[in-house]
Amino acid sequence: MRTARFTLDPAFRVAEVNPRLFGSFVEHLGRCVYTGIFEPDHPTADEAGLRQDVLDLVRELGVTAVRYPGGNFVSGYKWEDSVGPVEDRPRRLDLAWRTTESNRFGLSEYIDFLRKVGPQAEPMMAVNLGTRGVAEAIELQEYANHPAGTALSDLRVAHGDKDPFGIKLWCLGNEMDGPWQTGHKTAEEYGRVAAETARAMRQVDPTVELVACGSSGQGMETFAAWEATVLQETYDLVDHISLHAYYEPLDGDIDSFLASAVDMESFIDNVVATCDHVGARLKSKKKINLSFDEWNVWYMSRSQTEVSALDWPEAPRLLEDNYSVTDAVVFGSLLIALLRHADRVTVACLAQLVNVIAPIMTEPGGPAWRQTTFFPFAQASQYGRGEVLDVRVDSPTYETKKYGETDLLHATAVRAEDGTVTVFAVNRSRTEPLPLEVALGALDLTRVVEHSVLADGDPDARNTLDDPERVTPHPGEGTALADGTLTAVLEPLSWNVIRLG
């Protein structure tokens, strides 16, 4: 096997990593909320009904911005249903997922959850621009953020929340280009209502950060034209445009699945090009950043059947994918793709946080455990803080049906404030180890602190309720740093974290 190589130099950098890159997503879907983060009868539940075993895992995961309450759910959401005394909150049909929403967990509970996760957990609130509009958005903003002295802010205080919620980051709807979305709109219709909403929200608070809806995926027929039309209306009013992407192996094509990040990086590049084209047309020096606020491995072809069979149950088991080692390696590669584009991707949300296509699983009344995908995210969140260095690999390749000739090595590196460097690397080969050499140039590095590997002799190995620690990271062998060169051998089908001090 030919050796894969790249060079690191502190003079060549991509950007500082925005902590929001390690965000997640809590939607009222399946068991993400109920028996996920919120289960009042659970043995570990606190006085607010939050599962403390889940809180511990969320802290360990290192999640930052948490997007809420959807997702498709938000396009039928009445925020007023989710505040005030729980016993007075109405039960509603949720058209997005054909379920019944009790509203036992609402806006105040969401903020309480974030505060208990810790100061790094920031709210990212979505407003309903499907069945509602400008008035409801600014009313929610006033209820949530105004200190006191108005009808809605005083109502929040009367509900027991004296302190404002301080929500700075807002999504202007969700996937409004999708025909499946309640209140689906054309690009012209959505661009107009998004601009009106953004303008009104900035009248309430000029410092808010706003995310306009981009395409629901690169495969949408309206992709790029949608972004261009929406940004033509909103360019000076918003800060980000959203991207959503999910990946699964189709027709047994594992080799293409392992190269999913090729599509993710193409998606990012194409949206950046569209944003900058609109900026050039408008003669604006402003740059629109990207909010990749839904991404994951998701076996979507399975879940469509699940949802269509529902008859309005409350918090059913939905989209509870159980992730393998192969899934975790692809997942890690997607994280690498996000880090490689940290100059423009300034928000990203793993969808979702608990039970629903999630890194954390729970059993009602029982334990919580880590899926295989938990480990790459937790390690990237912990060690991927600092500035991303420009990594351009010279790698052996393999052939894929979907993406053609593809590098076996996918990698990035992040330099922390103290000068330490972490290399994140994936070997996409299913059968062969991959020798790696990294020239460290002017970096003042003298030792390998750790080489952590997520791989397994069984690529289908996964963590379950019965065997929750079947898959965990293990130390790599033979990794060395000498004469300014890092040498390592990446195991077949592996996610690697190599820390250099």
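In what follows, residues are counted from 1 in the order of the sequence shown.
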Study note, to complete from the structure: For Asn355 and Thr35, the nearest pair of non-hydrogen atoms, with its separation, is ND2-O, 3.7 Å

Check your understanding: Which value, rounded to the nearest 0.5 Å, describes the distance between Leu436 atom CG and Leu434 atom CG?
Key -> 6.5 Å

Check your understanding: Do Gln218 and Asn270 meet the criterion of a side-chain donor-acceptor pair at a distance under 3.5 Å?
Key -> yes

Point to revise | Sequence-distant partners of Lys286, salt bridge (Lys or Arg N to Asp or Glu O under 4.0 Å), two or more places apart | key: none

Review point. Do the side chain of Trp226 and the main chain of Cys213 share a donor and acceptor less than 3.5 angstrom apart?
Key: yes

Review point. Side chains of Ser291 and His240: do they bring a donor and an acceptor to under 3.5 Å?
Key: no

**Study point:** Straight-line distance of Gln371 CD to Ile360 CD1, nearest 0.5 Å
**Key:** 10.0 Å

Practice item. Name the orientation class of the two ring planes belonging to Tyr246 and Trp298 (parallel below 30°, tilted from 30 to 60°, perpendicular beyond 60°). Key: perpendicular

Review point. Does a donor on one side chain and an acceptor on the other come within less than 3.5 Å for Ser429 and Asn427?
Key: no

Point to revise | Residues that Phe424 engages under ring pair (Phe, Tyr, Trp, His ring centres under 6.0 Å), provided they are two or more places apart | key: Trp495

Practice item. State, without any angle test, whether Thr400 and Asp255 hold a side-chain donor-acceptor pair at a distance under 3.5 Å. Key: no

Point to revise | Donor-acceptor side-chain pairing of Trp97 and Glu27 below 3.5 angstrom | key: yes

Review point. Cut-off 3.5 Å, side chains only: do Gln352 and Ser24 have a donor facing an acceptor?
Key: no

Check your understanding: Is Asp456 salt-bridged to Arg470, going by a charged N under 4.0 Å from an acidic O?
Key -> yes

Exercise for review: Find the distance between NE2 (His28) and OH (Tyr110) and round it off to the nearest 0.5 Å.
Suggested key: 10.0 Å

Point to revise | Thr464 side chain to Asp466 side chain, donor-acceptor N/O pair below 3.5 angstrom | key: no

Review point. Which of these, Tyr323, Trp295, Tyr247, sits in a ring pair (Phe, Tyr, Trp, His ring centres under 6.0 Å) with Phe331?
Key: Trp295

Exercise for review: Using only heavy-atom distances, determine whether the side chains of Ser216 and His244 contain a donor-acceptor pair under 3.5 Å.
Suggested key: no

Practice item. For the pair Phe223 and Phe267, name the ring-plane relationship: parallel under 30°, tilted 30 to 60°, perpendicular over 60°. Key: perpendicular

Review point. With a 3.5 Å cut-off and no angle check, do the side chains of Glu437 and Thr3 form a donor-acceptor pair?
Key: no

Exercise for review: Test Leu339 against every option in Val14, Val391, Val17 by the side-chain contact (heavy atoms from CB on, under 4.5 Å) rule and name the one that passes.
Suggested key: Val17

